[in-house]
*Asks:* 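The structure's right below; bear with me while I get my questions together.
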Amino acid sequence: MAEHYSSFNRGTWRWFLQRVTAVFLIGALAFHFVMLHFVNHAASITFAGTEARMGGILYFTLMMTFLVTAAFHGINGVYNALVNMGLKGTQKKAVAAILVVAGIALIVQGTRVAIAMSPMF
Amino acid sequence: MSQSYDRGTVESFGRWREFSAGMWAWIFHKLTGWILVGYLFTHIAVLSTAIGVDPGSAAVADGTDFYTSTLQGLEELLIVRFLEVGLLAVAVFHIMNGIRLLFVDLGIGLTSQDKSFYASLVLTGAITVASIPTFLAGVL
Amino acid sequence: MYEHDVIVVGAGGAGLRAAIEAHEEGADVALVTKLHPVRSHTGAAEGGINAALHEKDSWDLHAYDTMKGSDYLGDAPAIDAFAKEARHEVIQLEHWGMPFSREEDGTVSQRPFGGLSYPRTTYAGAETGHHLLHTMYEQVVKRGIEVYDEWFVTRLAVTNEPNPADRTCHGCVAYEIATGEVSGFYARQGVILATGGTGQAFDHTTNAIACTGDGQAMAYRAGAPMEDMEFVQFHPTTLPSTGVLISEGVRGEGGILYNDNEERLMFEYGYANNSGELASRDVVSRAELTEVNEGRGIEDEYVHLDMRHLGEERIIDRLENILHLAEDFEGVDGLDEPMPVKPGQHYQMGGTEVDEYGHSCVDGLYAVGECACYSLHGANRLGGNALPELLVFGARAGRHAAGAVEEEPEIPTGPGAKSDDWDEESPAELGAVDASDPVAADGGAVATPQEVLEQAVETERERVETLMERDGINHADVRAKVQKTMTENVNVFREESNLKQALKDIREAREEYQNVAVADPSRTYNTDLVHTIETRNVIDVAESIALGALARKEFRGAHWRKQYQERRDDEYLKHTLYAWNGGNPELYYKPVILEGHEKKYEPKIRSY
Amino acid sequence: MSTKIEEKPETETEADEQTSPGEQRRELKRERAAEREQQIQEELSEAEKTVGIKVFRFDPEVADKEEPRFDSFTVPFFRGMSVLDALVYARDTYDSSLTFRHSCRQAVCGSDALFINGRQRLACKTQVSDLESPIRIEPLPHQDVVKDLVVDMEHFYEQMHAVEPYFDPDELPDGELEEQRQTPENREKVKLSTRCIWCGACMSSCNIAAGDNEYLGPAAINKAYRFAMDEREGDDRKQERLRIVEQEHGVWRCQTQFSCTEVCPKDIPLTEHIQELKREAIKSNLKFW
């Protein structure tokens with residue numbers, strides 16, 4: 001255990017944010033499911049319906065936040081799982097970089113989809 | 001020590017029969033997490049294909065109705081409906097056990113962590129079963 | 001070869017304390033131990049640490065209690081130093097973070113204990129020893145003191161002048177258990193033995209399997225005699241199958257002893273009509289064994305200790321630990337059924353003869369803790385006096401070895417201390433050994449100090465090779481034989497014929513030992529070899545116990561003789577010494593010192 | 001009253017003169033082996049019940065033990081018998097090369113944590129009667145095996161030392177015989193954490209500690225807890241202690257599987273202590289936010 005640590009600790013923040021996003025996601029994921037499978041049946045979803053929902057600023061913001069938190073929660077979760085499997089050194093750094101790129105790509109693509117769906121833009 | 005014998009990682013998971021509740025909870029949480037993150041990427045990919053954000057894609061050529069037709073086409077497949085039930089089960093478990101873990105993080109109910117794991121399993125099962133009629137409506 | 005100023009052998013409470021003190025005095029110290037320090041048997045101590053901390057208490061009273069408890073076989077200089085310094089040591093331990101039990105105002109709690117005139121026993125739950133051991137190991141880690149763990153010290157490197165008092169100890173030889181390597185440890189200033197008790201000389205003991213009297217036996221063969229070895233404390237309540245200790249607290253809370261007829265034996269047969277179950281340890285042990293011998297024992301082996309009437313709430317509140325022990329080690333639920341108990345060996349009052357600084361007659365060789373005898377406990381140790389002992393004398397020896405003590409000791413050691421009024425015939429054939437046998441005997445050191453260590457390493461390598469290569473019997477049989485005869489014949493009750501039988505059996509065991517061999521061919525973690533070497537030590541200490549017991553024809557403290565039911569101060573107010581004497585063991589005596597600098601003790605009738 | 005060396009009795013007999021010493025020794029050995037075999041049979045038939053143990057064997061330098069294998073032994077059962085008793089019987093009776101650590105026999109030295117019937121337990125405090133026979137005894141998983149049941153504990157000790165496991169107060173009382181004050185409540189708070197006997201069962205049960213050797217592990221974190229929660233140490237020291245456990249391979253690696261808590265022979269709520277340190281670390285970090 002030779003390595004030492006700065007007072008600003010990424011481990012702390014990642015752990016904490018994982019919990020904060022979890023709390024948000026419990027609500028957001030439940031809402032998303034209820035909205036698109038129970039309130040609106042998945043089989044009857046149309047572009048018009050989607051566009052109408054995405055036109056609401058509140059709904060749009062919620063979906064965007066959902067995207068970002070889910071991306072963080074998922075990517076961070078994957079990273080933790082890999083680190084727990086014993087990833088170290090260069091391999092660990094490489095995995096971290098790939099995951100960050102994948103996460104950003106997910107958010108960018110997701111944002112483009114959202115914009116395409118929303119009549120606000 | 002001249003030499004020593006490492007029994008390798010098989011010793012962790014080769015003994016699944018002896019795993020306790022907390023260990024199963026961790027395994028299921030991790031598994032459902034992997035599925036959900038995988039689905040997240042797939043979901044965005046399907047949507048972006050359907051809605052045609054990339055210039056030159058089939059969706060763009062086909063106009064915006066491609067989105068509706070893709071989704072409805074998928075929904076007509078029985079297998080997709082079943083997969084959706086599975087997805088719901090996975091998401092509900094991840095949420096239920098996630099709530100359990102949040103309580104554990106807050107230091108609440110640590111002594112009955114095994115019971116809360118069983119409770120999250122039961123709840124997941126109940127919610128999944130209850131949602132089957134809604135999910136399968138229209139294809140059966 | 002390794003080199004340090006001070007080498008401490010054994011890392012239980014006494015060894016750790018000695019190492020810390022020597023380090024504080026600027027010495028380069030190393031701990032060499034056959035177990036990792038936290039595995040040491042100090043960790044099993046339950047009761048507490050006596051120290052006169054309260055303003056209404058005084059160290060005089062503590063000293064007086066200790067002397068009385070010793071049945072006047074204690075030496076005043078050791079007892080006075082002990083009672084005085086115990087207070088500082090306990091407070092220092094608190095400053096090192098020991099989690100003592102506390103009063104409401106945040107001060108350290110103290111409770112009453114047997115034989116004490118004031119409640120002066122500090123404690124940490126019923127796990128005082130565990131906390132003491134870990135607290136001190138933490139201080140060793142903090143100071144970065146070097147620890148060679150799982151290195152078994154098998155021999156001392158001592159010069160071979162004819163008179164042990166002229167010899168010097170230059171280090172020791174240790175066997176690295178993990179690799180089988182034999183190495184020398186050169187000690188510039190001194191070797192401190194802190195190897196603990198001798199419980200393995202008996203087959204029913206509260207002691208650990210590692211308590212084989214290594215230090216006493218090594219020092220003995222190097223010239224420092226063993227003192228007062230016949231005084232062995234037997235604890236009346238140990239579990240029959242394992243010897244695990246059931247604390248005196250059970251009887252303190254009101255637990256009752258029953259025989260097979262469900263009679264309350266302590267009263268029914270008049271063993272202790274006043275104090276009943278709470279009579280002193282030796283009295284209760286003798287009572288239990290008498291019941292068994294007269295056919296009223298359960299399964300002819302033990303008696304019952306019943307605490308069910310105390311009620312579940314009280315038991316769980318104060319004796320929870322006991323429930324776990326009875327359940328885990330005897331499969332008995334103390335809430336539902338009485339617990340089986342019988343007396344078991346618990347503590348060795350005697351040990352390597354040292355002065356009040358822990359220094360033996362061999363220059364540079366020290367002994368501390370249970371393996372030493374500064375004549376503090378005399379014929380009987382008081383509960384709660386063992387832990388302060390290892391603190392006080394551990395520190396004293398550490399200081400002395402580091403060269404920080406100016407005073408001359410008052411307790412004489414070595415052949416010069418011999419009483420001149422002793423000329424009785426030897427009570428038995430003493431167990432001399434063929435000194436040329438590399439396995440069974442030590443010897444053949446050279447005169448030049450520089451070569452002493454190398455010579456010792458060579459001899460030890462030869463011993464290990466011989467044991468590894470030849471064919472022979474398993475040491476376990478020899479050890480079992482010694483343990484069996486000791487428990488049968490040198491137990492709580494001691495009769496002349498039994499003691500002689502024991503000596504005969506030990507003698508036989510010694511001869512059989514000349515045929516032992518190690519069956520395990522491996523150099524890696526060879527515990528067969530370790531135990532084989534230990535068994536040699538067990539034989540030596542067992543013999544000294546049996547012989548001292550046979551020679552002492554009186555009843556004093558823990559030493560009971562059937563034919564001699566009185567304490568005989570006119571003849572036996574003296575310490576028994578047993579010296580190796582180059583293979584011709586010698587038994588002699590030296591006077592007890594009842595007069596210290598500040599106080600003089602008068603032997604009185606010991607009654608509580 | 002020094003005594004002379006007793007004359008060694010003549011053991012040589014006439015018959016011995018014709019056979020070589022080696023043959024004599026072998027003859028003796030055969031006799032002893034036969035005697036021993038008979039004794040074992042007697043003990044086994046006298047016992048009302050016997051139990052079987054299957055013990056993991058490995059020795060890197062002994063030819064037939066280089067490949068790990070399991071050896072079976074039958075031992076006579078007695079009331080109150082522990083797994084350690086069974087091992088000791090097997091070693092002293094059948095095979096003196098059977099190697100395992102043990103010392104106090106009363107669950108306080110922490111030497112004999114083993115993997116017994118699929119679970120980390122102390123052999124000395126595990127009753128044979130509570131287990132299914134044959135009892136399968138293996139060295140602690142996730143640690144390198146040195147020989148038979150002995151594992152390399154070095155890494156465990158390193159992790160324990162990494163949390164600065166020693167009391168370190170800001171200041172001490174002036175009076176020579178004056179103790180630091182500690183409330184009984186605070187003592188109660190750290191009490192369970194101070195019971196750790198360093199047996200390593202928790203580390204062995206934790207599959208996070210297994211995958212990545214940098215994780216401090218439950219025992220070391222518990223040790224840190226013991227000091228961080230002790231009110232006798234100053235607040236600055238507590239912050240330093242939190243900084244040690246909140247590094248990447250500290251408390252955050254705990255996945256609350258609870259396996260450490262379940263196997264702890266001293267019933268220390270390890271997971272709870274780790275979780276409490278996580279919250280403490282977050283709290284102290286949020287102050288600067």
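Being a predicted model, the structure only gives us computed values, none of them experimental.
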*Asks:* Measuring heavy-atom distances to chain B, does A/Ala102 have an atom under 4.5 Å in its side chain, in its backbone, in both, or in neither?
*Replies:* both
*Asks:* Given heavy-atom pairs under 4.5 angstrom as the criterion, report whether the side chain, backbone, both or neither of A/Ile75 touches chain B.
*Replies:* both
*Asks:* Please state whether the side chain, the backbone, both or neither of B/Leu71 comes within less than 4.5 Å of a heavy atom of chain A.
*Replies:* side chain
*Asks:* Please find the pair of heavy atoms, one from B/Glu75 and one from A/Ala43, that lie closest to each other, and give the distance.
*Replies:* CG-CA, 3.5 Å
*Asks:* Using a 4.5 angstrom heavy-atom cutoff, name the option from B/Leu36, B/Leu101, B/Ile95 with the most pairs to chain A.
*Replies:* B/Ile95
*Asks:* Which atom names give the shortest non-hydrogen contact between A/Leu29 and B/Ala91, and what distance separates them?
*Replies:* CD2-CB, 3.9 Å
*Asks:* Under 3.5 Å, is there a donor-acceptor pair between the side chain of B/Thr68 and the main chain of A/Phe47?
*Replies:* yes
*Asks:* For B/Leu74, is it the side chain, the backbone, both or neither that has a heavy atom under 4.5 Å from a heavy atom of chain A?
*Replies:* neither
*Asks:* To the nearest 0.5 angstrom, please state how far the NE2 atom of A/His73 sits from the NE2 atom of B/His94.
*Replies:* 4.5 Å
*Asks:* Assess whether atom CZ of B/Phe103 is packed by more than 12 heavy atoms of other residues, nucleotides or ligands within 6.0 Å.
*Replies:* no
*Asks:* Quick one: of A/Ala70, A/Ala42, A/Ala81, A/Ala22, who has the most non-hydrogen atom pairs under 4.5 Å with chain B?
*Replies:* A/Ala42
*Asks:* Nearest heavy-atom pair of A/Ala116 and B/Ile51: which atoms, and what distance?
*Replies:* CB-CG2, 4.0 Å
*Asks:* Within the structure provided, determine whether B/Val92 and A/Phe33 are in side-chain contact (heavy-atom separation under 4.5 Å).
*Replies:* no
*Asks:* Side chains of A/Ile26 and B/Leu102: does their closest heavy-atom pair fall under 4.5 Å?
*Replies:* yes
*Asks:* Can you check whether B/Leu88 reaches A/His37 side chain to side chain, under 4.5 Å on heavy atoms?
*Replies:* no
*Asks:* Treating A/His41 as the side-chain partner and B/Thr134 as the backbone partner, does any N or O pair qualify as donor plus acceptor under 3.5 Å?
*Replies:* yes
*Asks:* Can you confirm whether A/Ile45 sits close enough to B/Gln72 that some side-chain heavy atom of one is under 4.5 Å from a side-chain heavy atom of the other?
*Replies:* no
*Asks:* Tell me, do B/Ile44 and A/Leu67 make a side-chain contact under 4.5 Å, heavy atoms counted?
*Replies:* yes
